[in-house]
Every structure is written in structure tokens, then in C-alpha cells.
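See below for the structure under consideration.
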Amino acid sequence: MVLKNILTILSLAVTLVASCHVQAQVDIPGPRFRPRGVESPENTRPFADPGVFNYDAQAFAPVDFASNDELDGHSGFFFSYDRLATSMSRSSGDNLQPNLRRQSGTNNLWGNRYNIGWYGNDERGWMVGYQQSEGNDFVNGQDILVANPMLVTNTFASVELNRIFRQETQNGGYFEPYMGLRYMYLSDKTLEDTTQAFGGTTFDNRFTQSVSNSGTGLHAGGRYSQRRGRYRYSCDLAVATLYNEQRMRAGDIATDQATGAVGITEVYFNDQSFVPVIDMNFDLAYNLSRDIAIRGGVQVMYLWDGLARANTLTTNFNSNSSFGFGGTDPLGFIEDGVLNAGFTLGVEWRR
């Protein structure tokens, strides 16, 4: 009996030791769990090449001057915004009577400019740019007879889509050539309220004109940038050639002061032209953090002859009006060149 109990205890002990030994073998990590790199054939491949999604979203991280990679040559998206304060040249009026030629000068415009783009690791990418400005001005002073000046509203807009490239230069700067498509829009709108007497009847007359240009064409240029510590300056020069659609509408709304009867007259004109364009920009930026910078600069844009501009003579001397008895220039718009230049102030992200 005692021998039987001893054998039973020994059997239980052997079974317990064997089970512990098997469990210990299971708990030991095997070769399958050894550390290995991302490129190991035994591991799951990533969805994209390493480094494509390495942006850590720390936009306000301090500027690191130990590595230029922290400031220049970013891959991925970039963005910039500028507030524009520009002056646009007025129509010269060269085809008007010399004694009626309108005053020279410029009209002030305010607007905005946006640029958003993307660079890949192959130093190629895309960029979309948009800017729009508008301003009002009274021209020709005040009419001596009715003391009502003519109000002119100028609108300018530009949209561009570019294929961009980037090449580092020997002195540490970057040259970025680009080419693509560009669309430009420029319009003059005039409004003048006057009192007119005709055939013994007195009218309250509103004379309006709307002249527009819609040009589309090819666009090419280059941008050079260089960084010195927190500062970065850039120069951008582009040229374009546009096929321009010119349109004009002019009309009078005359109200009889005695009867209240309203008479409306309108005339329309249209034409086409080719317009060469040169666009120059200079910017100086200061990095507040690794990714965010403030910047200021100047922009100069010149569009050669081929743009339709409004004839801004007062109603009585403007032959686009039914009351324009004194005008001898032909009906229609003035074809002229435009200089649009001014200052920019804005902010940029990872540019």
C-alpha cells in the first residue's frame, strides 16, 4: 500500500515537471519575433516609400539652423496668402480729341493673392495661383453744369495652373522653373448721373459702361530663392501670351422729370486681340517658426496694347451716350496697355 502511494506521488511529480517544461518552451520567443527593419521581406511592406509622410505637424517648432532641410526643399503641400495694394494705370485716351483727353494717372486697387502647391520627392510638383483686386475712383473731376462726377470701378483677376520643378544651385539657393496655363480678367465699369435737356424736355439720365477683357493662354517663368538664417528672399519672373476676348456695353436710362416716362438705349461692341504679359515679383520672408513665415514684397505686371478700356469722357462729350453731342471719337472702347504695380504683405506655410 505504501509502495502504491509512493508510485502515485512520483507519477504526479513527473507529469507536473513535464508540463512546466512544455510551458516554458512555449513562452520563449522564437526567431519569428526577432527585431528586423522595415524593408525585411518577412515584414509587411508600407503603402508608400519611407519619408513621404514624415511631416510631424509641428508647424510652430523652432527654426533649426543646423540643417537646411528644416527650412528648404520641403516635400508635400505648401501654401501662401498675400494682401495686395496696387495701382492700375488709367486708359490713356489717345484716340480722343486732344482738348478732351481725360486726366492721366492711376486707380488704387485692393485685393488678395493665394498660392497652393505640392512637391514630390522627385523635386517636381504642381501649383495653382489666384489673385483678385478691385477699386473705385472718380474721374474727370466734377461736371461744371450738373456737378456729378463719373464713378469708375476697376476689377482685375488672374488664375494660373503650373507644372513646377526644383533644382538646388551651387550657392545653396533654389531655382524653380514652371510652365502652364493662365487666365486673366480685367474690366472697367463707369456710372454717371446727369440732368439733360433735349427738345424742351428735361431728363434725369444715368449713363453706364461695362468693358471687359477675358484672356487665356500659355504661361512660363522661373523663381529663384535664397535663405540667410531666418530670412529668405525670392525673385519671380513670368511671361504669358493671351488670346483676349474684348466686350463692351454702354447705355442710357433717361427719366422724364415731368411725366416719369423712362427711355433706355444700349449699344454693344466686341473684338479679339493677342496680349503679351510680363509679371515680376520680389518677396522677402522671415521665419517665425520652422514652417510659418511672414513676408512682404512688390509686384509689377504689364499687359501690352490689346486691352479694352472704358472711354471715361463725361456724358455730354462721350459718343457712347445718346446725349453725347460733343464727341467726335468713334463709338466703342479704347484699346490700350495696362501697368498694374504695388505692394504685397502676407504669410506662408512650408514655402
Side-chain angles (χ1 to χ4, degrees), residues 38-39 45-84 112-131 158-183 218-240 279-299 344-351:
V38 174
E39 303 298 332
R45 298 285 294 179
F47 290 107
D49 294 335
V52 173
F53 302 106
N54 59 355
Y55 181 58
D56 58 11
Q58 297 181 11
F60 294 96
V63 180
D64 184 0
F65 299 107
S67 173
N68 288 332
D69 293 337
E70 292 292 329
L71 297 174
D72 286 329
H74 291 301
S75 61
F77 287 97
F78 61 86
F79 171 80
S80 67
Y81 164 78
D82 296 289
R83 182 65 172 164
L84 307 177
N112 304 285
R113 182 175 66 185
Y114 306 87
N115 286 291
I116 183 170
W118 174 85
Y119 263 118
N121 286 339
D122 59 354
E123 305 296 336
R124 300 179 182 181
W126 294 90
M127 185 182 70
V128 177
Y130 170 75
Q131 72 176 79
S158 173
V159 181
E160 56 187 277
L161 172 64
N162 295 313
R163 179 63 165 164
I164 54 178
F165 309 88
R166 183 168 58 194
Q167 176 66 49
E168 186 173 4
T169 60
Q170 292 182 350
N171 61 353
Y174 282 87
F175 178 62
E176 301 171 81
Y178 54 85
M179 61 184 302
L181 301 176
R182 189 159 191 169
Y183 169 81
L218 299 177
H219 172 81
R223 176 178 180 268
Y224 176 78
S225 61
Q226 176 74 52
R227 190 175 297 280
R228 292 289 183 269
R230 287 182 178 265
Y231 293 92
R232 186 220 11 101
Y233 68 85
S234 64
C235 302
D236 193 315
L237 174 63
V239 294
D279 186 3
M280 297 176 290
N281 293 269
F282 175 81
D283 295 313
L284 178 64
Y286 178 81
N287 273 85
L288 299 176
S289 66
R290 185 191 63 184
D291 296 336
I292 298 177
I294 56 175
R295 68 180 191 176
V298 295
Q299 181 183 37
T344 67
L345 179 65
V347 62
E348 61 185 30
W349 172 67
R350 291 179 65 83
R351 190 69 179 93

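It should be emphasised that the depicted structure is a prediction, and the values quoted were computed from it without experimental measurement.
To the nearest 0.5 Å, the span separating CD1 on I292 from CG on N287 amounts to 9.5 Å. To the nearest 0.5 Å, atoms CZ (F165) and CG (D122) are separated by 9.5 Å. Distance check, rounded to the nearest 0.5 Å: CD1 of I294 to CG of L284 gives 9.5 Å. The OH atom of Y119 lies 4.0 Å from the CD1 atom of I164; values are rounded to the nearest 0.5 Å. Distance check, rounded to the nearest 0.5 Å: CZ of R350 to CG of D291 gives 5.0 Å.
Y130 meets the side-chain contact (heavy atoms from CB on, under 4.5 Å) test with Y114, Q132, V159; sequence neighbours excluded. By the ring-ring contact (aromatic ring centres under 6.0 Å, His included) test, Y286 is found to be paired with Y231, residues two or more places apart in sequence or in another chain being considered. For D283, there are no side chain to side chain donor-acceptor pair (under 3.5 Å) partners at least two apart in sequence or on another chain. Remark: L345 engages no residue in a side-chain contact (heavy atoms from CB on, under 4.5 Å) (not counting sequence neighbours). By the side-chain contact (heavy atoms from CB on, under 4.5 Å) test, M179 pairs with A220, sequence neighbours left out. Checked against salt bridge (Lys or Arg N to Asp or Glu O under 4.0 Å), R223 has the following partners two or more places apart in sequence or in another chain: E176. Residues meeting the ring-ring contact (aromatic ring centres under 6.0 Å, His included) test with F175, sequence neighbours left out: none. Every side-chain contact (heavy atoms from CB on, under 4.5 Å) that N171 has, sequence neighbours left out, goes to T169, Y224, Q226. The side chain to side chain donor-acceptor pair (under 3.5 Å) check on R163 picks up nothing, with sequence neighbours excluded. Remark: E348 engages R232, R295 in a salt bridge (Lys or Arg N to Asp or Glu O under 4.0 Å) (not counting sequence neighbours).
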**Prompt:** Going through the distances and angles, do D82 and Q299 end up as a side chain to side chain contact (heavy atoms under 4.5 Å, CB included)?
**Reply:** CA-CA 11 Å; D82 296 289; Q299 181 183 37; over 6 Å; no

**Message:** side chain to side chain contact (heavy atoms under 4.5 Å, CB included) for V298 and N281? Distances and angles first, verdict last.
**Reply:** CA-CA 6 Å; V298 295; N281 293 269; over 6 Å; no

**Request:** Test R182 against D279 for side chain to side chain contact (heavy atoms under 4.5 Å, CB included), laying out the working first.
**Result:** CA-CA 12 Å; R182 189 159 191 169; D279 186 3; 2.9 Å; yes

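Of all heavy-atom pairs between L288 and R230, the closest is O-NH1, 3.7 Å.
For the pair I116/M127, no side-chain contact is recorded, criterion being any heavy-atom separation below 4.5 Å from C-beta on. For the pair W349/Y81, no side-chain contact is recorded, criterion being any heavy-atom separation below 4.5 Å from C-beta on. With contacts defined as side-chain heavy-atom distances shorter than 4.5 Å, the pair H219/Y178 qualifies.
R124 CZ: 12 or fewer foreign heavy atoms inside a 6.0 Å radius.
In this structure, S158 contributes its side chain and Q131 its backbone to no donor-acceptor pair below 3.5 Å.
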